[in-house]
Amino acid sequence: MEPLVVAILVGVPLAWLVGFAAYVYVDAPKHGMDRRKWALIAFVVPLFGLFAYLFERDEQSYDPSEDPYAGGSDARKAGLAVHENRRGEKPLGPAGTEADDEADEDDEWDDPPGVDLDED
């Protein structure tokens, strides 16, 4: 095999790994993380190590008080958490039609809007 081909096949991936490790080594202290550990992970575990670092780095700045879908919120416990983009929309009934706002008062089951499963 020619030396140029070997240099390309070995050198380019190795340069990428060194680049990933160098980025992590410089960036980790800014987020309060161990630079040596994460640089080693980014170098030894190709590509996945870099993504693991990036995801873990984002978790360092997570604030559950700002998350409306966090487990501790009252809406989440009641099962009423609705994404802000979906608020104000009318619920859909069977076959995608708009559901009636009227509910059966004497129905003991919690049927979806527009459906009565207790019909005899």
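On a predicted model such as this, the values are computed, not experimentally measured, just so you know. All values below come from the heavy atoms of this structure, side chains included, with hydrogens, waters and symmetry mates left out.
For the side-chain contact (heavy atoms from CB on, under 4.5 Å) test with I8, the passing option among V5, V6, L4 is L4; the others fail.
The hydrophobic clustering, which links ILVMFWY residues whose side-chain heavy atoms are closer than 4.5 Å, places I41 and Y25 apart. Cluster annotation: L14 and L40 are assigned to the same hydrophobic cluster (Ile/Leu/Val/Met/Phe/Trp/Tyr, side-chain heavy-atom contacts under 4.5 Å, transitive). Both F51 and W16 belong to a single network of hydrophobic side chains, linked directly or stepwise wherever heavy atoms of I, L, V, M, F, W or Y lie under 4.5 Å apart. By the rule that hydrophobic residues join a cluster once side-chain heavy atoms approach within less than 4.5 Å of another member, L50 and V12 end up as members of one cluster. F55 and V24 fall within the same hydrophobic cluster, defined by Ile, Leu, Val, Met, Phe, Trp and Tyr side-chain heavy atoms under 4.5 Å apart, directly or through other members.
At a threshold of 4.5 Å between non-hydrogen side-chain atoms, the residues D27 and R57 count as touching. The shortest distance between side-chain heavy atoms of H31 and Y53 falls below 4.5 Å. The shortest side-chain heavy-atom distance between Y23 and V18 does not fall under the 4.5 Å cut-off.
The nearest pair of heavy atoms linking R35 to P29 is NH2-CG, 2.9 Å.
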(request) Start with the C-alpha distance between L47 and F20, add both sets of side-chain angles, then the distance that settles side-chain contact (heavy atoms from CB on, under 4.5 Å), and finish with yes or no. (result) CA-CA 8 Å; L47 203 57; F20 292 158; 3.9 Å; yes
